[in-house]
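So the structure is just underneath, and the comments pick up after that.
Every number for a ligand or one of its atoms is a count from 1 in the order of the listing.
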Amino acid sequence: MEFRRTHYTSHVTPEMNGQTVKLAGWVHEIRDLGGIMFLVLRDREGMAQITLFKKTIDPEVLKTAKALSRESVVLVEGDVKAEAKAPGGYELVPIKIDLLNPAKSPLPMDTTGKVDAELDTRLDNRFMDVRRPRTQAVFHIRHHMLSAVREFLEQEGFIEINTPKVVATATEGGTALFPITYFDTEAFLNQSPQLFKQLMMSGGMDKVFEIGPIFRAEEHDTRRHLNEATSIDIEASFMDHEDVMVILENLVVYVYEKVAERAVPSLKTLGIELTIPTAPFKRLTYDEAIEVNNENSKEFLEWGDDLSTNAEKVIGKFIGEHYFITDWPTEIKPYYTQPYEDKPTVTKAFDMMHPRMELSSGAQRVHDHDMLHKRIQDQGLNPDGFEFYLKAFRYGIPPHSGWGLGAERLLMTMLDVDNIRDVVLFPRDRKRVSP
Ligand code: AMO
């Protein structure tokens with residue numbers, strides 16, 4: 001049986017009226033209306049209507065069609081007939097139907113969108129959930145988002161690196177680690193490429209980026225936290241925090257623009273019209289952010305408090321678009337952020353926010369070895385564990401800055417998706433490690 005992609009057409013248009021084509025895909029729907037039978041065939045391009053006129057059709061073809069179960073994989077050879085009422089503006093009158101692989105019934109979930117499935121059912125059967133046009137649209141957009149990120153950073157002179165995910169030390173003091181057995185010693189899953197991307201500044205790579213997994217062992221069960229997330233990280237030498245903030249806001253705008261341009265069918269499937277943010281984003285100092293919160297919320301924040309989820313919402317509602325929060329208290333930001341020389345209680349760190357949540361954190365980094373050593377100690381961490389990192393600061397490392405941007409959060413806020421699990425193929429959370 002011939003099934004190779006090169007032997008069939010995947011993109012049929014009404015202009016091909018009269019031509020004989022071959023289409024392969026899944027049986028999305030079967031409708032038997034007496035004198036006429038419709039099969040809806042689904043492939044990654046969309047839907048095609050196969051119309052069987054029972055009076056004129058070859059009885060063998062009709063027999064095969066009648067025996068089909070939904071979600072079976074078939075190859076259909078047929079004549080294209082322009083038909084304004086059919087999806088895509090054409091129907092296919094079959095000459096031959098080959099069953100490539102039958103699907104068992106009943107299905108673990110519906111793929112037509114007619115029956116709502118719980119998120120857990122969809123995630124348990126992700127292979128089938130991805131057959132739903134809406135789910136597939138999300139992951140097509142994710143592809144376009146990441147490809148635009150790569151394109152933008154490459155245009156800005158960044159090169160892509162890959163750093164280890166099995167590591168010996170914590171990066172983000174405070175956030176929990178997943179320990180693993182590594183031969184006869186203990187290791188951890190990396191929380192961030194932070195230390196490694198900084199090492200590359202000492203290595204003279206100047207502008208690097210990585211798109212990779214980060215692991216956080218926190219037991220939160222929220223709609224915006226995963227235990228394995230994807231982080232878009234950059235690090236750049238001879239740049240300060242303000243320089244990398246400009247790169248970040250321009251990247252966000254670029255990604256929105258490219259997704260709007262290139263993912264038209266997927267956005268249509270989701271019923272979304274993207275509003276492209278405009279750069280520069282508003283900049284609020286931490287002090288101003290606290291003030292906005294205190295004037296608009298029942299929850300009073302003192303200088304030095306981290307912003308609660310509620311405070312993020314209150315401030316986000318007040319601002320109403322993407323914005324930055326800059327100039328954070330040094331003590332609530334990681335050891336690697338660079339305090340202001342003339343005001344060391346405040347650090348050159350920033351968060352980039354969507355009105356719904358934080359999307360990114362970044363900073364100018366400490367590049368002075370002794371200061372870094374002291375900052376590690378001051379945060380209650382043991383500098384011995386950081387020797388491989390500190391070493392790179394003794395032999396000439398330029399001033400540098402960078403940020404980490406959560407890919408899932410960027411996508412979920414772009415598409416106004418409620419739950420972060422909906423934008424990851426196989427989410428990892430407190431209750432889920434499979435599939
Ligand atoms: P931070 O810990 O703020 O900073 O992480 C950066 C961004 O990554 C995303 N993120 C998450 N997304 C989903 N689930 C999680 N559990 C999760 N944790 C983080 C968020 C967040 O803003 N090393 C610094 C970055 C830097 O300074 O370069 C860091 O990791 O969108």
Problem - Name of the residue among Met412, His225, Arg223 meeting side chain to side chain contact (heavy atoms under 4.5 Å, CB included) with Met357 - result: Met412
Completion exercise
Under 4.0 Å between heavy atoms, the region of Asp351 that gets near ligand 1 turns out to be neither
Practice task
Heavy-atom distances under 4.0 Å are what count here, so tell me which part of Arg365 touches ligand 1: side chain, backbone, both or neither.
Solution key: side chain
Please work out which of the three classes, parallel, tilted or perpendicular, describes the rings of [Y] and [X], given edges at 30° and 60°.
{"X": "His241", "Y": "Tyr340", "answer": "perpendicular"}
{"X": "His369", "Y": "His373", "answer": "tilted"}
{"X": "Tyr256", "Y": "His322", "answer": "perpendicular"}

Ligand 1 to [X] polar contact by distance, N or O atoms, under 3.5 Å:
{"X": "Ile420", "value": "no"}
{"X": "Ser361", "value": "yes"}
{"X": "Ala363", "value": "no"}
{"X": "Ala229", "value": "no"}
{"X": "Leu405", "value": "no"}
{"X": "Tyr336", "value": "yes"}
{"X": "Glu235", "value": "no"}

Handout entry: Nearest neighbour of atom 30 (O) of ligand 1 from the list Gln194, Arg216, Gln191, Gln198, on a heavy-atom basis
Key = Arg216
Atom indices of ligand 1 within 4.0 angstrom of [X] heavy atoms, with elements:
{"X": "Arg224", "value": "13 (C), 14 (N)"}
{"X": "Trp403", "value": "26 (C), 28 (O)"}
{"X": "His225", "value": "14 (N), 16 (N)"}
{"X": "Glu358", "value": "3 (O), 21 (C), 22 (O), 31 (O)"}

Practice task
State whether the side chain of Asp110 and the backbone N or O of Val115 hold a donor-acceptor pair below 3.5 Å, judged by distance alone.
Solution key: yes
Does even one non-hydrogen atom of [X] get within less than 4.0 Å of ligand 1?
{"X": "Lys197", "result": "yes"}
{"X": "Gln364", "result": "no"}
{"X": "Gly362", "result": "yes"}
{"X": "Ser360", "result": "yes"}

Problem - Cationic N near anionic O, under 4.0 Å, Lys374 to Asp368 - result: no
Practice task
Run the salt-bridge test on Glu151 and Arg262 with the 4.0 Å N-O cut-off and return the result as yes or no.
Solution key: yes
Exercise for the section: May I ask you to check whether Phe158 and Phe209 place their ring centres under 6.0 Å from each other? Expected result: no
Exercise for the section: Taking all heavy atoms of Gln379 and all of Glu331, pick out the closest pair and write down the distance. Expected result: NE2-O, 4.5 Å
Practice task
Please determine, by modelled atom types, if Asp233 and Ser231 share a side-chain donor-acceptor pair under 3.5 angstrom.
Solution key: yes
Handout entry: Donor on one side chain, acceptor on other, Arg375 and Thr347, under 3.5 Å
Key = no
